[in-house]
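First listed ligand is number 1; within each ligand, the first listed atom is number 1. As the structure is a prediction and not an experimental result, all values here were calculated from the model.
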Amino acid sequence: MKTLSPTAFPTVIPDPVEYELIGDTGKTTLWIVFVLMFLSSVTFIVMAFRVPVQKRLYHQITAFITVFATLSYFAMATGDGISLVGNHVTEKHDHGLPDTHYTVYRQVFWARYVDWSLTTPLLLLDLALLAGMNGSNILTAIVADVVMILTGLFAGFAGTEGSKWGWYAMSCAAYLVIIYNLVIGARRTSAARSEEVGKFFTSIAIYTLVLWTLYPVVWGICDGARKISVDAEVVSYAVLDVLAKAAFGFWLLIAHQRLPASHVTLHGVWSHGFSSSEGALRVGDDEDA
Ligand code: RET
């Protein structure tokens with residue numbers, strides 16, 4: 001609230017300022033998830049070396065996902081991947097009283113968005129390859145995914161409430177494009193691959209859909225409406241990240257090993273390289289695997 005002091009020179013008292021910052025619970029959580037993501041990465045990398053090159057792509061993608069998460073959690077735990085963003089709040093009052101204003105500075109964990117912009121396309125690629133989706137649908141889903149994360153980042157740094165929710169709406173629209181591609185396109189192609197692949201794809205896609213849908217919900221409550229503390233936000237995303245990356249990865253790779261090799265083996269450039277001589281060398285390298 002602005003008031004005039006009873007002096008000869010009017011003085012403007014600045015709007016009050018509040019800070020919403022991470023506490024000990026949040027910091028400890030970030031370090032715990034950093035360790036979990038690191039251990040998962042090591043496990044996925046070891047698993048990748050133990051399968052022949054024709055089956056390695058899923059292992060590699062899954063390992064990249066947790067490696068990026070390890071880096072992002074290190075950035076957040078050390079404070080390097082965090083910025084303070086000011087939100088100007090206006091409160092309306094009844095009975096003709098003037099509006100009051102204050103500014104809330106809340107931490108925005110921008111390292112998350114860097115992480116998501118790399119890992120969510122990789123997660124989609126894992127699912128798309130499993131389902132045998134066509135290139136056109138894969139490209140649309142991945143581009144929509146990058147749009148979803150970047151517009152989410154703009155929402156996080158938005159200067160006004162209006163633009164924040166505008167970006168949020170655009171991000172949600174992009175999310176719907178991903179779901180459409182995954183539900184309509186991939187379900188059909190996965191079932192066509194084999195009954196086992198179809199069943200497994202349906203289970204892991206439902207799991208993914210439920211988890212992914214919780215991200216915008218958490219965002220809306222925490223970053224958006226600022227209804228819960230930064231610590232609660234960190235813990236919520238931590239649980240989601242562990243389930244959507246590490247647990248997803250273990251489930252995918254273990255189930256993948258159990259599926260008949262002919263249903264999940266990748267041929268073409270992936271196994272044989274771009275030239276026949278290079279391909280011969282690569283296949284030879286792994287022939288006994
Ligand atoms: C934001 C905010 C704006 C609206 C929407 C969002 C969606 C985010 C999603 C994130 C998924 C992250 C995953 C991380 C992996 O570990 C950007 C939160 C729709 C769906 C799966």
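- Below 3.5 Å of separation, one finds no N or O of Y175 facing any N or O of ligand 1.
- Remark: among candidates Y215, W116, F154, the nearest residue to atom 11 (C) of ligand 1 is Y215, based on non-hydrogen atoms.
- The nearest protein atom to atom 21 (C) of ligand 1, hydrogens excluded, is given as W212 NE1, 3.2 Å; this is a heavy-atom distance.
- Between the side chain of Q107 and the backbone N or O of V230 there is no donor-acceptor pair closer than 3.5 Å.
- Across every non-hydrogen atom of T189 and G132, the tightest pair is CB-O, 3.7 Å.
- Applying side-chain contact (heavy atoms from CB on, under 4.5 Å) to M37 and the options T66, V42, I65 leaves one that passes, T66.
- Through chains of ILVMFWY side-chain contacts below 4.5 Å, Y19 is grouped with V17, L21, L84, Y105.
- Between R106 and E233 there is a salt bridge, with a side-chain nitrogen of the basic residue lying less than 4.0 Å from a carboxylate oxygen of the acidic one.
- Electrostatic pairing of D115 and K245 counts as a salt bridge here, judged by a charged N lying under 4.0 Å from a carboxylate O.
- In the candidate list F248, W219, W167, Y113, W219 is nearest to atom 18 (C) of ligand 1, counting heavy atoms.
- Residue-ligand proximity, Y168 to ligand 1, at heavy-atom distances under 4.0 Å covers atoms 3 (C), 4 (C).
- Counting heavy atoms closer than 4.0 Å to ligand 1, residue T120 contributes side-chain atoms (C-beta onward) but none from N, CA, C or O.
- Nearest non-hydrogen protein atom to atom 15 (C) of ligand 1 is K245 NZ, 3.4 Å.
- Closest protein heavy atom to atom 4 (C) of ligand 1: S171 OG, 3.1 Å.
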